[in-house]
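None of the values given here were measured: they were computed from a predicted structure.
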Amino acid sequence: MTNSKIKKILSKIEHIKNQVNTNGKVTKVEKTKEFKTKALKVLEKTLNYLEEK
């Protein structure tokens, strides 16, 4: 996996995190769960990609 792909994945996770954060604090428990779900999906796709290689 190249550095650019790793950076792209990390930036996507950061983007998701920024969507649910306000002043560095997660606003609601629901949004925390939503963030974790989205982040886990990104990581799952990454692992699937790595397994295929």
Side-chain angles (χ1 to χ4, degrees):
M1 188 168 207
T2 63
N3 282 341
S4 63
K5 288 184 180 183
I6 292 171
K7 287 180 183 178
K8 185 176 180 182
I9 292 164
L10 292 174
S11 68
K12 181 158 177 89
I13 292 171
E14 189 66 29
H15 176 72
I16 294 167
K17 182 180 173 185
N18 289 338
Q19 286 179 334
V20 297
N21 277 350
T22 303
N23 296 328
K25 295 181 181 178
V26 178
T27 55
K28 295 182 181 179
V29 172
E30 298 159 4
K31 292 203 181 261
T32 302
K33 288 180 184 178
E34 180 182 336
F35 165 70
K36 288 180 181 178
T37 301
K38 286 182 180 181
L40 286 173
K41 285 181 183 178
V42 170
L43 293 172
E44 183 179 289
K45 287 180 183 179
T46 303
L47 288 174
N48 289 338
Y49 172 80
L50 290 172
E51 287 175 353
E52 290 174 5
K53 290 276 175 177

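Applying the salt bridge (charged side-chain N to carboxylate O under 4.0 Å, His left out) definition to pairs two or more places apart or across chains, none involves residues 41-50.
With rounding to the nearest 0.5 Å, the separation of NZ in Lys8 from OG1 in Thr46 is 10.5 Å. Considering CG of Asn48 and CD of Glu51, their distance stands at 5.5 Å, rounded to 0.5 Å.
Partners of Ser11 by side chain to side chain donor-acceptor pair (under 3.5 Å), not counting sequence neighbours: none found.
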